[in-house]
Amino acid sequence: MSFIALGNVPDPVARRRFLRASGLLLSGSAVALMAGRDALAARAGGAAASDVRILNTALAAELEAVAAYQVGAESGLLQKPVLDLAVTFQGHHKEHADVLAKTIHKLGGKPVAARAKYAFPTDQLKSQSDVLRFAAGLEKGAVSAYLGAVPVFDDRDLSKAAASILGDEAMHWAVLRQALGEAPVPGAFVS
Amino acid sequence: VIAALAVALALAGDAAAGAALYERCAACHSLEQDRAGPRHCGLFGRRAGSVPGFDYSDGMKRSRLVWSAESLDRFLANPDAVVPGTPMSIARVPSAAERADLIAYLRQAADPRRCRAR
């Protein structure tokens, strides 16, 4: 599926249907995985503290991704339907950040806040391709980070939730690569 | 002997392969800017936890590490064992060859004569 194909879906309802059919819209299940688990609050001690540290690392990266997509959306460099896609992906990162912050609260931790300012390489963003390549780099890094996080959570349900986010961000990465004219799935494994 | 071997391995790493591996770090790190993790420009010879304005974990601030091929090799192999409580626990690099490649890349790319911290 290419951005040319997406560009041929001008109707917003049809586009939304397209995105859903493409697996680009998250269901609420990932949110329920973490935020709905009141039992998390009962956990205490070093294991929970370790999980909070990992969740906060993920939250910081998600907040940065939200800000990065905002820079991309406001750059004037993204044309529809790529712009719509970037806004959709930003929405996913917002959902990830929200559920991570709620989970950190439930575990008794303090969620990190978004920075007042991020030092993005805006001087290097001159075209739509530059923005897409920048976003693809962030998404690939996020996939690697979640891949590292999955096996080290003490709570296996947090691992499952992290894997759910990993899957979403791997899809972002693939779609961004496709938009750049690169092989969307460059290998059988991610690392 | 182990430390010497680690340094030798790091010196033998493939910087080009390390550049590709460094993309894994891009969720949290860049050479020139502080992100969820601190910038890497000027990493070698820098005391751990010392980038001005970066909010390090207490463990990193207390670590007394100075970043070198040897200390990076030990840290990347098992971050939590070297600096308990570090958020880097999610970024373990168990492969000695991959660590060598990453370190070879960082030795070049994080050289302050080649990068510019912002």
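In the text below, chain A, chain B and the rest are named by the order of the sequence lines, each starting its count at 1.
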TODO: Can you establish whether the number of heavy atoms outside B/Asp55 located under 6.0 Å from its atom CG is more than 12?
DONE: no
Looking only at non-hydrogen atoms, find the nearest pair between [X] and [Y] and report the distance.
| X | Y | answer |
| --- | --- | --- |
| A/Ala61 | B/Ala27 | CB-O, 3.8 Å |
| A/Thr57 | B/Pro87 | OG1-CB, 2.9 Å |
| A/Leu138 | B/Arg35 | CD2-NH2, 2.9 Å |

Is there a path of hydrophobic side-chain contacts, each under 4.5 Å between heavy atoms, that joins [X] and [Y]?
| X | Y | answer |
| --- | --- | --- |
| A/Val66 | A/Leu166 | no |
| B/Val66 | B/Met60 | no |
| A/Val143 | A/Phe153 | yes |
| B/Leu65 | B/Phe54 | yes |
| A/Leu147 | A/Val185 | no |

For chain B, the option from [options] that forms the most heavy-atom pairs under 4.5 Å:
| options | value |
| --- | --- |
| A/Ala60, A/Ala145, A/Gly137 | A/Ala145 |
| A/Glu169, A/Arg115, A/Lys140 | A/Arg115 |
| A/Val152, A/Ile54, A/Val112 | A/Ile54 |

Task: Between CD on residue B/Glu23 and OG on residue A/Ser144, distance to nearest 0.5 Å - done: 8.5 Å
Task: Distance, nearest 0.5 Å, that separates OH of A/Tyr118 from CD of B/Gln33 - done: 13.0 Å
Open item on the list: Out of B/Arg24, B/Met88, B/His29, return the one with the most heavy atom pairs under 4.5 angstrom to chain A.
Closed with: B/Arg24
TODO: Answer yes or no: is there a donor N or O on one side and an acceptor on the other, between the side chain of A/Arg53 and the main chain of B/Gly85, under 3.5 Å?
DONE: yes
Task: Under 4.5 Å from a heavy atom of chain A, the part of B/Arg92 involved - done: neither
